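Report on one structure; see the data block that follows.
Because the structure is a prediction, the values reported are computed rather than measured.
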Amino acid sequence: MELPITRGFAGDVFRLPAHAECVGAARRQVRTTLSRWGLARLCDDAGLVITELFTNAVLHSGSDHVTCALWARAGLLHVEVTDQGDGSCGPAVREAGDGEENGRGLVLVDHVAQQWGVRHPGPDACGRTVWAALACGGAAAQQGARRTG
(Lines give C-alpha, C1' and ligand atoms only; values in the text may rest on other atoms or scores of the structure.)
Protein backbone atom coordinates (compact mmCIF):
# COMPACT_ATOMS: atom_id res chain seq x y z
CA MET A 1 0.00 0.00 0.00
CA GLU A 2 1.56 3.28 -1.07
CA LEU A 3 1.30 6.31 1.17
CA PRO A 4 -0.41 9.24 -0.58
CA ILE A 5 2.06 11.81 0.72
CA THR A 6 1.60 14.17 -2.21
CA ARG A 7 -2.19 13.84 -2.21
CA GLY A 8 -2.99 14.06 1.46
CA PHE A 9 -2.23 12.83 4.92
CA ALA A 10 -1.47 9.52 6.59
CA GLY A 11 -0.89 8.86 10.26
CA ASP A 12 -0.44 6.33 13.03
CA VAL A 13 -0.62 6.84 16.80
CA PHE A 14 0.31 4.33 19.49
CA ARG A 15 0.86 4.46 23.24
CA LEU A 16 3.27 2.38 25.29
CA PRO A 17 4.25 2.20 28.95
CA ALA A 18 7.12 4.55 29.82
CA HIS A 19 9.61 1.74 30.41
CA ALA A 20 13.04 1.30 28.85
CA GLU A 21 12.09 -2.18 27.66
CA CYS A 22 9.33 -0.63 25.48
CA VAL A 23 11.81 1.30 23.29
CA GLY A 24 12.22 -1.76 21.05
CA ALA A 25 8.44 -2.09 20.67
CA ALA A 26 8.23 1.57 19.60
CA ARG A 27 10.99 1.03 17.04
CA ARG A 28 9.25 -2.10 15.68
CA GLN A 29 5.94 -0.22 15.37
CA VAL A 30 7.67 2.55 13.41
CA ARG A 31 9.29 -0.01 11.07
CA THR A 32 5.98 -1.82 10.53
CA THR A 33 4.11 1.40 9.79
CA LEU A 34 6.74 2.78 7.42
CA SER A 35 6.96 -0.52 5.55
CA ARG A 36 3.17 -0.54 5.15
CA TRP A 37 3.31 3.03 3.82
CA GLY A 38 6.03 2.19 1.29
CA LEU A 39 8.64 4.20 3.20
CA ALA A 40 10.93 1.37 4.31
CA ARG A 41 13.94 3.43 3.19
CA LEU A 42 13.29 5.71 6.19
CA CYS A 43 13.21 2.89 8.77
CA ASP A 44 16.79 3.37 9.97
CA ASP A 45 16.57 7.15 10.45
CA ALA A 46 13.04 7.08 11.87
CA GLY A 47 14.03 4.16 14.12
CA LEU A 48 16.95 6.17 15.46
CA VAL A 49 14.71 9.19 16.08
CA ILE A 50 11.98 7.21 17.88
CA THR A 51 14.61 5.42 19.96
CA GLU A 52 16.23 8.65 21.13
CA LEU A 53 13.00 10.58 21.74
CA PHE A 54 11.27 7.67 23.50
CA THR A 55 14.33 7.01 25.67
CA ASN A 56 14.49 10.67 26.69
CA ALA A 57 10.80 10.61 27.62
CA VAL A 58 11.34 7.49 29.75
CA LEU A 59 14.46 8.83 31.48
CA HIS A 60 13.49 12.45 32.03
CA SER A 61 9.71 12.88 32.20
CA GLY A 62 8.43 10.72 35.05
CA SER A 63 5.59 9.57 32.78
CA ASP A 64 3.42 6.46 33.13
CA HIS A 65 3.07 6.15 29.38
CA VAL A 66 4.43 7.69 26.19
CA THR A 67 2.36 8.44 23.09
CA CYS A 68 4.06 8.18 19.71
CA ALA A 69 2.71 9.56 16.46
CA LEU A 70 3.85 9.20 12.87
CA TRP A 71 2.36 11.27 10.12
CA ALA A 72 3.39 12.26 6.65
CA ARG A 73 2.47 15.19 4.49
CA ALA A 74 4.12 17.31 1.81
CA GLY A 75 7.25 15.18 1.54
CA LEU A 76 8.00 15.05 5.27
CA LEU A 77 7.65 12.22 7.76
CA HIS A 78 6.89 13.57 11.24
CA VAL A 79 7.88 11.51 14.27
CA GLU A 80 6.43 12.74 17.58
CA VAL A 81 6.79 11.55 21.16
CA THR A 82 4.50 12.98 23.83
CA ASP A 83 5.17 12.45 27.53
CA GLN A 84 3.24 13.36 30.68
CA GLY A 85 6.13 15.22 32.32
CA ASP A 86 5.57 18.29 34.42
CA GLY A 87 8.74 20.12 33.42
CA SER A 88 8.40 23.31 31.43
CA CYS A 89 11.72 22.87 29.66
CA GLY A 90 12.41 20.78 26.65
CA PRO A 91 15.34 18.65 25.67
CA ALA A 92 18.49 20.40 24.54
CA VAL A 93 21.45 19.30 22.49
CA ARG A 94 24.56 19.03 24.64
CA GLU A 95 28.14 17.98 24.19
CA ALA A 96 28.86 14.70 25.92
CA GLY A 97 32.31 14.11 27.28
CA ASP A 98 34.52 11.35 25.89
CA GLY A 99 33.85 9.09 28.85
CA GLU A 100 30.09 9.62 29.02
CA GLU A 101 27.76 6.88 27.81
CA ASN A 102 24.75 9.18 27.36
CA GLY A 103 24.09 12.64 25.97
CA ARG A 104 24.49 12.18 22.21
CA GLY A 105 20.94 11.30 21.21
CA LEU A 106 19.71 14.73 20.21
CA VAL A 107 22.91 15.37 18.27
CA LEU A 108 22.00 12.30 16.20
CA VAL A 109 18.39 13.45 15.81
CA ASP A 110 19.62 16.87 14.70
CA HIS A 111 21.85 15.20 12.13
CA VAL A 112 19.21 12.98 10.48
CA ALA A 113 16.17 15.27 10.75
CA GLN A 114 15.33 18.20 8.49
CA GLN A 115 14.11 19.94 11.63
CA TRP A 116 13.07 19.10 15.18
CA GLY A 117 11.68 20.83 18.23
CA VAL A 118 9.41 20.71 21.26
CA ARG A 119 5.80 21.78 21.86
CA HIS A 120 4.28 22.39 25.29
CA PRO A 121 0.52 22.07 25.75
CA GLY A 122 0.14 25.29 27.71
CA PRO A 123 0.60 26.71 31.21
CA ASP A 124 -2.14 24.62 32.86
CA ALA A 125 -1.33 21.26 31.27
CA CYS A 126 1.44 18.74 31.78
CA GLY A 127 3.59 17.02 29.23
CA ARG A 128 5.47 17.95 26.12
CA THR A 129 5.78 16.72 22.56
CA VAL A 130 9.21 16.36 21.03
CA TRP A 131 9.07 16.02 17.25
CA ALA A 132 11.34 15.54 14.28
CA ALA A 133 10.64 15.82 10.56
CA LEU A 134 12.48 13.60 8.09
CA ALA A 135 12.54 14.20 4.35
CA CYS A 136 10.78 11.46 2.42
CA GLY A 137 10.86 12.95 -1.05
CA GLY A 138 9.53 15.85 -3.05
CA ALA A 139 10.20 19.54 -2.60
CA ALA A 140 10.67 19.31 1.17
CA ALA A 141 13.68 17.04 0.74
CA GLN A 142 15.30 19.44 -1.70
CA GLN A 143 14.76 22.51 0.47
CA GLY A 144 16.77 21.03 3.32
CA ALA A 145 15.34 23.40 5.91
CA ARG A 146 17.36 22.32 8.95
CA ARG A 147 16.91 23.60 12.46
CA THR A 148 19.80 25.82 13.45
CA GLY A 149 21.03 27.16 16.69
Once the angle between the rings of His78 and Trp71 is folded into 0 to 90°, is it parallel (under 30°), tilted (30 to 60°) or perpendicular (over 60°)?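 His78 and Trp71: parallel rings.
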Calculate, to the nearest 0.5 Å, the distance between atoms [atom1] and [atom2] belonging to [X] and [Y] respectively.
X: Gln84; Y: Asp64; atom1: CD; atom2: CG; result: 5.0 Å
X: Leu16; Y: Thr67; atom1: CG; atom2: OG1; result: 8.5 Å
X: Cys43; Y: Leu34; atom1: SG; atom2: CG; result: 5.0 Å

Going by salt bridge (Lys or Arg N to Asp or Glu O under 4.0 Å), name the pairs with one or both residues in residues 111-123, residues two or more places apart or in two chains.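 Checked against salt bridge (Lys or Arg N to Asp or Glu O under 4.0 Å) - neighbours excluded - the pairs reaching residues 111-123 are Glu80-Arg119.
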Which residues satisfy the side chain to side chain contact (heavy atoms under 4.5 Å, CB included) test with His60, sequence neighbours excluded?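 Scan of His60 (side chain to side chain contact (heavy atoms under 4.5 Å, CB included), adjacent residues dropped) gives Asn56.
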Which residues pass the side chain to side chain contact (heavy atoms under 4.5 Å, CB included) test with Thr55, sequence neighbours left out?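 For Thr55, the residues satisfying side chain to side chain contact (heavy atoms under 4.5 Å, CB included) (neighbours in sequence not counted) are Val23, Thr51, Leu59.
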Return the set of residues passing side-chain hydrogen bond (donor to acceptor under 3.5 Å, both in side chains) with Ser63 (not counting sequence neighbours), or none when no residue passes.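 Residues passing side-chain hydrogen bond (donor to acceptor under 3.5 Å, both in side chains) with Ser63: Ser61.
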Who pairs with Arg15 by salt bridge (Lys or Arg N to Asp or Glu O under 4.0 Å), at least two apart in sequence or on another chain?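 Testing Arg15 for salt bridge (Lys or Arg N to Asp or Glu O under 4.0 Å), a comparison that skips the adjacent residues, returns none.
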Listed by chain and number, what are the salt bridge (Lys or Arg N to Asp or Glu O under 4.0 Å) partners of Arg27, not counting sequence neighbours?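 So Arg27 forms no salt bridge (Lys or Arg N to Asp or Glu O under 4.0 Å) with any residue.
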Exercise: identify the closest heavy-atom pair between [X] and [Y]:
X: Leu39; Y: Cys136; result: CD2-CB, 4.2 Å
X: Trp116; Y: Val130; result: CE3-CG1, 4.4 Å
X: Ala57; Y: Asp83; result: CB-CB, 4.0 Å

If we ignore angles and hydrogens, is there a donor and acceptor under 3.5 Å between the side chains of Thr129 and Thr82?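 Yes, Thr82 and Thr129 have a side-chain donor paired with an acceptor closer than 3.5 Å.
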